[in-house]
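For reference, the structure is listed below as structure tokens.
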2 protein chains.
Amino acid sequence: MKKYIPILKRTQLFSGVNESEIESMLSCLDARLKYYKKGEYVLREGERVGSLAVLVEGKLHIQNDDYWGNRSIIGDIAVGEMFGEAYIAPQSDTLINDVVALEDSAVIFFNVTCMVTTCSNTCRFHSAVAQNLLFAMSEKNRKLVQKLSHMHKRTTREKLISYLSAESKRQNSSSFSIPFNRQQLADFLSVDRSAMSNELCKLRDEGLIAFSKNNFELL
Amino acid sequence: MKKYIPILKRTQLFSGVNESEIESMLSCLDARLKYYKKGEYVLREGERVGSLAVLVEGKLHIQNDDYWGNRSIIGDIAVGEMFGEAYIAPQSDTLINDVVALEDSAVIFFNVTCMVTTCSNTCRFHSAVAQNLLFAMSEKNRKLVQKLSHMHKRTTREKLISYLSAESKRQNSSSFSIPFNRQQLADFLSVDRSAMSNELCKLRDEGLIAFSKNNFELL
DNA sequence: CCTCTTTTGTTGTAAAAACAACCGATTTGT
DNA sequence: ACAAATCGGTTGTTTTTACAACAAAAGAGG
């Protein structure tokens, strides 16, 4: 667990809390570290979760496979990001998505109750973390709405432009890389891979974008 | 403002706080009441907001009109629900959606900073509200993911079934009403109205659903 | 009660996406 | 280094949607 404290320090959740303070908070927040092999499920649809999770190593996808095997990728989780925050309320229902490891990964689970109620211990930074959590959830919320705005686009072309523009803006550069391969991007935008591939090439031939592998540039 | 305290009492945000306590918190939270006529914009895309809003009268839509007039309805806000929670973090960007009044409406804006930092005043229920806010955002988050799961469906038919099933489950009944007319539902699911209307009638003719106006039943 | 407006359903056509099948290039594992 | 698997691009066909135009029904207002 200790080796991941520097990672935690750089997360939005523990922003403003130094390493020794994080270390002392770990027991207070009932932190539990778990490892997952590539392809393993971290959480499964239908399960009940009561804890907040932070990815400290690897890469995850939040996704959903339907009866016929069609996959929807709701979002991706990179190192330092949290997940499971949509299920911290006592009245929360069961999970509606799977969370799966794309690479060998490590996740730390925290007891949210401890995070939310001020503890009597020495955790002076309790309230800071609680506030960070609030802001982190606010941002997450905004990201979801932004993803919704891509999904609201009617055509594959528009979805691509919407997504690529947003990524370009987010990464503050006209050239950027995306965390998906073609199939994953198609699953993320909920379109057919071949049709999307076709559309990407059209956009390239029209001189609007350039790309190679998962590196893109808006022109 | 006073007349809306009973409304506030029933909101998730002020759950567990009684009316007199809410009244004493209003000044502490810098509450400001504003009225909007039907059709008026409560918030506009590109604006910067720093406050958390609660609808205490009327009905709102969170939406987005593109250059060609195509409308996307991201969500609807009923009395007692909050909005603007995605912009409470200091590093939040500007609004990416419009919020518009569908009926004459009343909105109370709160200063989030006051809500998050414990005040030195008599507000014993400060922390309760802060915790409520966290849970409310968690739920909101889950609703957004659920809407994403409708949007991920490829066909109009699947989107309809996904949405109607979720509403049925949410309202705990096989017959329920929805807060949209046909055009609004189409904008909400991002499909063509006439095609959707057609699909609805097919579903009805196949005996899967029944409906009249905005009352639906799953069979 | 009648008119005007809004809402909903219907239909035909054009456009777009899904699907399937295939190939070449790249990557991975041994 | 080689075989197998994965990945990305291409094309033709089928299915679905978007679009447009219109008619019927419902609702609002004088």
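Heavy atoms only: backbone and side chains are in, while hydrogens, waters and symmetry mates are out. In this text, all values refer to a predicted model and were calculated from it rather than measured experimentally.
- The residue Ser197(B) sits close to a base: some heavy atom pair falls under 4.0 Å.
- Remark: P of dT17(D) and CD of Glu158(B) are 9 Å apart, rounded to the nearest angstrom.
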Trace of the ring pair (Phe, Tyr, Trp, His ring centres under 6.0 Å) decision for Tyr163(B) with Phe188(B): CA-CA 10 Å; Tyr163(B) 171 70; Phe188(B) 182 75; 5.5 Å; yes

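- Distances shorter than 4.0 Å separate none of the side-chain N or O atoms of Arg154(A) from OP1 or OP2 on dT17(D).
- When each of dT16(D), dT8(C), dG9(D) is scored by its nearest atom to the side-chain atoms of Thr155(B), the top-ranked nucleotide is dT16(D).
- By the 4.0 Å N-to-carboxylate-O rule, Asp104(B) lies too far from Lys38(B) to be salt-bridged with it.
- Mapped onto DNA chain C by nearest heavy atom, Gln183(B) and Lys159(A) fall at different nucleotides, with Gln183(B) at the one closer to the 5' end.
- In this model, the phosphate group of dT10(D) is not approached by any side-chain N or O of Asn198(A) to a distance below 4.0 Å at OP1 or OP2.
- Regarding contacts with the backbone of dT16(D), every side-chain N or O of Arg157(B) stays at 4.0 angstrom or more from both OP1 and OP2.
- Scanning atom types as modelled, no donor and acceptor separated by under 3.5 angstrom connect the side chain of Arg204(A) and the base of dG9(D).
- Here Asp192(B) lies in heavy-atom contact (under 4.0 Å) with a base.
- Closest to the Arg193(B) side chain, of the nucleotides dT10(C), dA18(D), dG9(D), is dT10(C).
- Closest-nucleotide positions on DNA chain D for Asn70(B) and Arg182(A) were compared, and the one nearer the 5' end corresponds to Arg182(A).
- Residue Lys213(B) places at least one side-chain N or O under 4.0 Å from the OP1 or OP2 atom of dG27(D).
- For the pairing with Asp93(A), the salt bridge (Lys or Arg N to Asp or Glu O under 4.0 Å) check across Lys169(B), Arg142(B), Arg170(B) returns one residue only, Lys169(B).
- Put simply, the side chain of Ser194(B) and the base of dA18(D) share no donor and acceptor less than 3.5 Å apart.
- Salt bridge Glu199(B)/Arg204(B): absent, no basic N to carboxylate O contact under 4.0 Å.
- No donor-acceptor distance shorter than 3.5 angstrom exists from the side chain of Lys9(B) to the backbone of Gly16(B), with no hydrogens or angles considered.
- The base of dA16(C) does not come close enough to the side chain of Thr156(A) for any donor and acceptor atom to sit less than 3.5 Å apart.
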